[in-house]
Each structure stands twice: as C-alpha cells, then as structure tokens.
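See below for the structure under consideration.
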Amino acid sequence: MKKILLTASDLHGLQRLALDAVEGLTDLVEAVHLQFLADPSGAAASTCSVTALVTGLAYRGVREVSALVGRALERLLALWRPMLGEQGSSAERDAMLAALNGILGDHLEQSGNPLAIHMCLRSDGQALPLTQQALAAALPHAGPRLLILVHGLCRSDLQWSRRNHDHGAALARDLGYTVLYLHYNSGRHVSTNGRELAALLDTLVGLWPVPLERLALIGHSMGGLLIRSACHYGKQAGHGWLQPLRKIVFLGTPHHGAPLERGGQWLNGVIGKSPYVAPLARLGRVRSAGITDLRYGNLVDEDWAGRDRFDHPHDMRHPVPLPRGVHCYTMAATTGRRMGDFSDLLLGDGLVPLSSALGQHQVPALNLVFPKSRQAIVYEMHHLDLLSRLDAYQKLLCWLA
C-alpha cells in the first residue's frame, strides 16, 4: 500500500479544515433543531422561545469547546513542526490535495488554508522558477516548440500519466515539443484561474530561453475551459503570448456544461423547498466555485459576479468565441459503440455529453464552430480514457504535428 507523504503544513491545513467542518456541522444541526422548534401556529410561543434560548446556549458551548481544541492543536503542531519538517511531495499527496482543492478549493483559498494549491507551471512535478536565469537553468534543453497541458477538475499535473502513458511525454518524444504542465486549484472560479493563467503564460513566453516558434495547449475537461478563459483575458490585456499560439486541443471539455452539476443544483432546490429539511441544502453549498462553473461552462467573471452562484437555474453566460487565428481541435468520447447508441445520446463519456464536448449549441452566439477536420469522436471510451487510449493519442499526434 502506497503511503501519502504529509508535511507539517498539510497537517496544519487539515486541522483547520476539520475545525471548519465542526463549526459548519454545528450550524447545520442548530438550524435543523430550531426549525423543528418553531411553531407556525404561534401556540406555546413562550415555551418555544425558552427552549430555543437553552438550545442556543448549548450550541454556543460546542463552538467554544471547538475553538479551545483548535488553539490547543495549533500549539501542539507548532511544537511538532521542527520534527515533521517540510518534506518533499509525492504523487499520492498531490492527488489527495488536487481532489480536496477541486471540492473545497475556493474555501481553502479564502480561509488562508495552507492546503490551497497555488498556480504554477511544473516540469517532472517540480515548480518552475519564473526568472530568466533560473528558467534557463531548469530547462537546459528548451526548444522553439512549447506545449503546455492543463488538467481538469480534482486532478493534478502528475495525473496526466495514466496506464503507463503520458500524452505530454509522448509528444515530446515523437514531435520534439518542450512540455510543461499547469498545476492549479480547480475549485476556484474558471475565470479567476483563466486570468491568472493568461498572466502566467505572458511571463513564461517573455522569459523563454530560445526564440519561440510555436506554442500549443492541451486542456482536458475543465482544463479546456481555463484555456478558453485565458485566451479571452489575454486578448483583453494585449498579452504577447497569443502571438506564437498556434494550436489548442480540447479533450472532453464541457464547453456547455455537464449534466451532473445541473442535476445537483436541481436536487438542492428540491430540498430547499421543505422548511424542515431546508437547512440540509447548506450541504449542497459546500461544493466549490469551480464545480458550479461546470453547470453551463462559465468562462468570465460576468457569468457569475453579482449573483448567488447556487441559485441561478438558467444559462446566463456571455458568449466567448474560439480565439481567432488559432487552429482549435476538439475530441469527444462516448461510451457507446456507435453514433446514436442510447449511452452515446444520454451519457457521452460518462461525465460530458457529446454535444457539449463538440461545442454545439442551439443559440448561435454560444455555438462553437469546429471544422469537421478538427473534430473527433472516439467510441467505447470514458472521460479519463482520453488521457491514455492509443486512438486518442494518434489523433493528438496528427493534429499537433
């Protein structure tokens, strides 16, 4: 059994997250309790109010004990930190942190939790320093063709390697690309990550050790949305990295959202309609901003800013076309054996429907027009199989040559 290597900062972050969970659960239980104490008829109101007062004191006591335990753990971890140190990472640790950030990443960032992932470009799992001298030293064999891979929700850059295959490593071998991987907190809003990615790419291209002839990007799942958002914000800011950008490949990208998030939103709305279980709807609000962006495929701040991201049931996105002058390719997977199978029509690759992955939409302004020669549908394949199947790689090889 593989061990997950945890650092002192990880333990500190997990301790803080556990206390946040206790506080949130206490709030939830108290809300349910008070809902059952409420008497809509107004009978025995004085009895109810006294009971509510006693109940409130009890829950306040739970919070005070939780805070006391938290302070004690903080002091204990401070004593242990020199013994634990800040060891290196591992693939298992990175996978755990990536999943946690996908689900709770916005909360981790907003609460200053050390478990929050900070965006960076990595090579062989190591963050690249973005100064000219350090970058040249870290990439002594950097070439004129650069490829950057952007992972999806709850994934890490190390998880491009699947079943002894890594698209990036294979394309470096077969086509001579210098390959880098983006590492980021997938629980943040797509637009927040997209803007930061645009700035990061602008810095990278400006510091590249040799003249850059071609930049190509591959995004899997949510990663494709980040790339489209970055292109939008890069164009707004007049960034130079868009000049060498030649090709973008989208693998199973939910350009128009994923039905699982829409189903979760519907269920949350149903729960909220009953006064006795309405407090339980708070559990549905735990999911991250990145997850709720997948409801329809939000790309820009205007898609979510100024409104409750849990309450708007309709698609109110601002159209973001594919970047002009860039060859954009899209690959959609389906668990069906042929076009028109029941599973093909209903499930797509198990997470993303075919129409969403192909960018098709009945509203002309939202419809992404990929030429037929730049589309591919791969059969009997699940969402993650796009990372490892040979037939998917052969398409990438052809498109990126």
Side-chain angles (χ1 to χ4, degrees), residues 146-153 155 157 159-160 162 167-168 171 177 179-182 184 186 190-191 193-194 197-198 201 214-235 242 245-258 290 293-294 296-300 317 319-334 348-361 366-379 381-389 391-401:
L146 172 61
L147 173 65
I148 296 174
L149 289 83
V150 184
H151 64 75
L153 178 72
R155 307 287 290 177
D157 57 303
Q159 290 173 303
W160 281 95
R162 185 171 186 266
H167 286 330
L171 290 165
Y177 279 98
V179 176
L180 303 179
Y181 301 81
L182 187 72
Y184 70 97
S186 60
V190 168
S191 60
N193 278 326
L197 174 57
L201 291 176
R214 176 190 292 186
L215 170 63
L217 306 172
I218 298 177
H220 176 246
S221 195
M222 177 191 275
L225 298 182
L226 252 70
I227 290 172
R228 288 181 57 206
S229 180
C231 289
H232 169 82
Y233 286 114
K235 182 181 178 182
L242 292 169
L245 180 61
R246 298 289 180 269
K247 296 184 177 184
I248 301 173
V249 178
F250 301 100
L251 300 177
T253 293
H255 293 290
H256 303 303
D293 277 343
L294 293 180
Y296 296 110
N298 293 345
L299 296 179
V300 295
R317 284 178 297 155
V320 177
L322 297 172
R324 296 183 63 182
V326 179
H327 287 188
C328 294
Y329 305 83
T330 190
M331 190 182 303
T334 172
D349 63 15
L351 290 176
V352 181
L354 274 180
S355 58
S356 184
L358 294 174
Q360 299 167 349
H361 202 282
L366 295 175
N367 188 41
L368 302 178
V369 183
F370 290 92
K372 285 292 184 182
S373 60
R374 299 177 191 167
Q375 298 179 27
I377 299 174
V378 283
Y379 295 92
M381 191 179 294
H382 289 84
H383 192 63
L384 291 180
D385 291 335
L386 287 163
L387 300 175
S388 56
R389 283 270 294 268
D391 41 355
Y393 177 67
Q394 291 299 328
K395 274 293 179 184
L396 288 179
L397 197 61
C398 176
W399 286 343
L400 293 172

Once you round to the nearest 0.5 Å, how far does CG of L368 lie from OG1 of T253?
-> 10.5 Å
Hey, are the side chains of L146 and L180 touching, using non-hydrogen atoms and a 4.5 Å cut-off?
-> yes
Side-chain heavy atoms of R162 within contact of D385, under 4.5 Å = yes
Ring centre gap for H151 and Y181 strictly below 6.0 Å | no
Test item: M222 and V190 side chains (from C-beta on) under 4.5 Å apart, heavy atoms = yes
Intermediate values then yes/no, side chain to side chain contact (heavy atoms under 4.5 Å, CB included), L384 and Q159 = CA-CA 10 Å; L384 291 180; Q159 290 173 303; over 6 Å; no
How far apart are the closest heavy atoms of L242 and G234, and which atoms are they?
-> CD1-C, 3.6 Å
Here the pair of heavy atoms bringing S191 nearest to S229 is CA-OG, 3.6 Å
OG1 (T330) and CD (Q360) are apart, to the nearest 0.5 Å, by 9.5 Å
Audit row: H327, W399, side chain to side chain contact (heavy atoms under 4.5 Å, CB included) steps and yes/no = CA-CA 9 Å; H327 287 188; W399 286 343; over 6 Å; no
Would you tell me whether S221 and H383 have side-chain atoms, one donor and one acceptor, within less than 3.5 Å of each other?
-> yes
Below 4.5 Å, heavy atoms only, C-beta onward: do R155 and L387 meet side chain to side chain?
-> yes
Is any side-chain heavy atom of M381 less than 4.5 Å from a side-chain heavy atom of D391?
-> yes
Let me see the working for I218 and L400 under side chain to side chain contact (heavy atoms under 4.5 Å, CB included), right down to the final yes or no.
-> CA-CA 10 Å; I218 298 177; L400 293 172; 3.7 Å; yes
Mark yes or no for whether R228, through its side chain, and V320, through its backbone, hold a donor-acceptor pair below 3.5 Å.
-> yes
With rounding to the nearest 0.5 Å, note down the distance linking CG in D157 to CG in L149.
-> 10.0 Å
So which heavy atom on L366 is nearest to which on P319, and how close?
-> CD2-CA, 3.9 Å
Could you check if a side-chain atom of V150 sits within less than 4.5 angstrom of a side-chain atom of L217, using non-hydrogen atoms only?
-> no
Given side chains that start at C-beta, do those of L386 and M331 come closer than 4.5 Å, heavy atoms only?
-> yes
Of all heavy-atom pairs between S356 and H256, which one has the smallest distance, and what is that distance?
-> OG-N, 3.0 Å
Rounded to the nearest 0.5 Å, the CD1 atom of I227 sits from the NE2 atom of H232 at a distance of 16.0 Å
Separation between CG of N193 and CG of L299, rounded to the nearest 0.5 Å = 12.0 Å
Nearest heavy-atom contact between P254 and V352 is CA-CG1, 3.8 Å
Test item: H167 and L396 side chains (from C-beta on) under 4.5 Å apart, heavy atoms = yes
Please assess K395 against Y329 for the test side chain to side chain contact (heavy atoms under 4.5 Å, CB included), listing each intermediate value before the final yes or no.
-> CA-CA 10 Å; K395 274 293 179 184; Y329 305 83; over 6 Å; no
If the plane angle is over 60° it's perpendicular, under 30° parallel, otherwise tilted; pick one for F250 and H255.
-> perpendicular
